[in-house]
Amino acid sequence: MSAILVQNLYRYFGQLKAVDGISFEIPHGSVCGFVGANGAGKTTTMRILSTLDYPTMGTAEICGINVVHHPDKVRSLIGWMPDHFGNYDHMTVLEYLDFYARALGYKDQERRERIREVMEFTDLIPLADRLSNKLSKGMTQRLGLGRALIHDPQILIMDEPAAGLDPKARVELKHLIRILAQEGKTIFISSHILSELGEMCDSLLFINGGRIVHHGDAESLKQGSDATGGLFYDVQVAERPEAVNDWAILNPGVEFIESRKRGGRIRIDSTDPHQAAEVLSRMVRDGVKVIEFHREERNLEDAFIDILGRIDQGLAATVAPEQAREALGHSAEKN
Ligand code: ATP
């Protein structure tokens, strides 16, 4: 049985198809990154999984339990961390967590113990007496995570937890997520910061216009070819760097992509390693003084944009690659 199972899930707001027939499965103990441009349907999907909204059609299950039919059971299994959550005026960090622990039914010593554990984990003990609505963004996110963890849920659903955090706070949050993953929790996390997701996720789920456009592991995305079946190589030479460009211009199947200090990046129009070996030997035979030649991983942003590009060309044009690039997080506000 999967930790999260979604089958043919739809959520319409009037005419708007926010979630348009998606299906996916997340196994227990894995970390899955949920990626998509603004308005792609991430929050809507996560809110349904967290029992805060109803699907128009379709099924969503947490550990085999239907989120619509048994919301209380589902709530005991999940920790939900929304992208924005309200804090109460005049309530300290300790009082805030105590309030939620009481609401979850913890009593006396067990409650104190649970709050202490959560505060230790999220490093909130030094902030116990600070007003919860006067915290920095990073501290607020740690408080949100603490709140989501009070009942020690098996599954964490986190909607853009890193949005608006400075680099130090992001590293801290990433560290906490890594520990939770090591403890065996299932984590479903949305973000615009693909490079960070790639580091911590076992799989990535791409959504676009309410539809899943890709679900796979981050490693295979990095290793994969681009839309037209090409791979990228870094070439460094012991002579003038322009030699790489000069050579590539004259050789079909090889495209010069960008200059680098000691050479450049080229694209070979094939995924066959024999082809790469043939290109390298041709370069050497033609007198280019190659001192380094290695395959480069694609970054995940490129992979995502590439997938959208394929959709644009064939299946369902929804978001143009350039729009996606902008939406993906190169917006300072989101990051
Ligand atoms: P973002 O990255 O900007 O948070 P998202 O991928 O989380 O975007 P959603 O918030 O799920 O996207 O929104 C999907 C679409 O549904 C958007 O067009 C949004 O405007 C719309 N939408 C979401 N909630 C509602 C609502 N309650 N009423 C009407 N439209 C809604």
Side-chain angles (χ1 to χ4, degrees), residues 4 6-24 26 31-60 62 67-68 71 78-86 137 140-141 144-145 148 155-165 170 173 177 187-198 200-201 203-215 300-301 303-305 307-308 311-312 316-335:
I4 298 178
V6 168
Q7 282 176 320
N8 291 322
L9 195 75
Y10 293 81
R11 177 60 167 115
Y12 295 166
F13 295 109
Q15 298 294 308
L16 183 97
K17 297 174 176 179
V19 172
D20 194 15
I22 63 173
S23 300
F24 63 89
I26 302 174
V31 182
C32 176
F34 199 22
V35 182
N38 294 124
K42 303 182 294 297
T43 301
T44 305
T45 306
M46 288 181 144
R47 280 174 52 80
I48 292 171
L49 285 169
S50 304
T51 74
L52 298 171
D53 194 7
Y54 291 115
T56 307
M57 271 186 291
T59 311
I62 300 285
V67 298
V68 175
I78 59 159
W80 160 241
M81 192 173 160
D83 53 352
H84 295 101
F85 55 94
K137 181 76 183 166
T140 304
Q141 291 305 78
L145 180 59
I155 297 167
L156 262 178
I157 300 176
M158 310 173 85
D159 194 5
E160 301 213 23
L165 296 188
R170 266 189 221 172
L173 183 73
I177 292 172
I187 302 176
F188 188 37
I189 176 171
S190 74
S191 175
H192 288 253
I193 309 161
L194 275 173
S195 49
E196 292 197 351
L197 281 184
M200 64 178 144
C201 293
S203 70
L204 291 174
L205 187 64
F206 289 174
I207 185 167
N208 184 49
R211 294 185 180 178
I212 301 298
V213 293
H214 179 84
H215 191 185
L300 291 172
E301 268 93 357
F304 180 62
I305 287 159
I307 287 167
L308 293 187
I311 292 167
D312 253 3
T318 43
V319 177
E322 263 324 300
Q323 267 173 280
R325 193 185 288 279
E326 269 169 37
L328 256 184
H330 298 300
S331 105
E333 189 188 271
K334 274 282 173 192
N335 286 348

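If you're wondering where the values come from, they're calculated on a predicted model, not measured in any experiment. Counting starts at 1 for both ligands and their atoms, in listed order.
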Heteroatom distance test (Ala18, ligand 1): nitrogen or oxygen, under 3.5 angstrom | no
Measure from atom 9 (P) of ligand 1 to every heavy atom in Leu16, Thr44, Asp83, Val35 and give the option owning the shortest one.
-> Thr44
Which of these passes side chain to side chain contact (heavy atoms under 4.5 Å, CB included) with Leu156: Ile78, Val31, Leu145?
-> Leu145
Under 30°, 30 to 60°, or over 60°: which ring-plane class applies to Phe304 and Phe206, parallel, tilted or perpendicular?
-> perpendicular
Is Ile189 close to Cys201 at the side-chain level, that is, under 4.5 Å between some pair of heavy atoms?
-> yes
Lys/Arg-Asp/Glu bridge criterion (N-O < 4.0 Å) met for Asp53, Arg11 = yes
Return yes when Gly36 approaches ligand 1 closer than 4.0 angstrom through a heavy atom, no otherwise.
-> no
Can you find a heavy atom in the side chain of Ile22 that is under 4.5 Å from one in the side chain of Thr45?
-> yes
With distance as the sole test, does Lys17 use its side chain to make a donor-acceptor pair with the main-chain N or O of Arg211 at under 3.5 Å?
-> no
Looking at Glu160, which atoms of ligand 1 are within less than 4.0 Å of one of its heavy atoms?
-> 2 (O)
Thr43 heavy atoms within 4.0 Å reach ligand 1 at atoms 4 (O), 5 (P), 7 (O), 10 (O), 11 (O)
Please determine which of Ser190, Cys32, Ser191 meets the side chain to side chain contact (heavy atoms under 4.5 Å, CB included) test together with Leu197.
-> Ser191
May I ask you to list the atoms of ligand 1 that are less than 4.0 angstrom from any heavy atom of Asn38?
-> 1 (P), 2 (O), 3 (O), 8 (O)
With heavy atoms of Lys42 as the reference, note each atom of ligand 1 found under 4.0 Å away.
-> 1 (P), 2 (O), 5 (P), 6 (O), 7 (O), 8 (O), 11 (O), 12 (O)
Does Met46 come within less than 4.0 angstrom of ligand 1, counting non-hydrogen atoms of the residue?
-> no
Ligand-side contact atoms (ligand 1) for residue partner Gly41, heavy atom cut-off under 4.0 Å = 5 (P), 6 (O), 11 (O), 12 (O), 14 (C)
Does ligand 1 have any atom that is closer than 4.0 Å to a heavy atom of Ala37?
-> yes
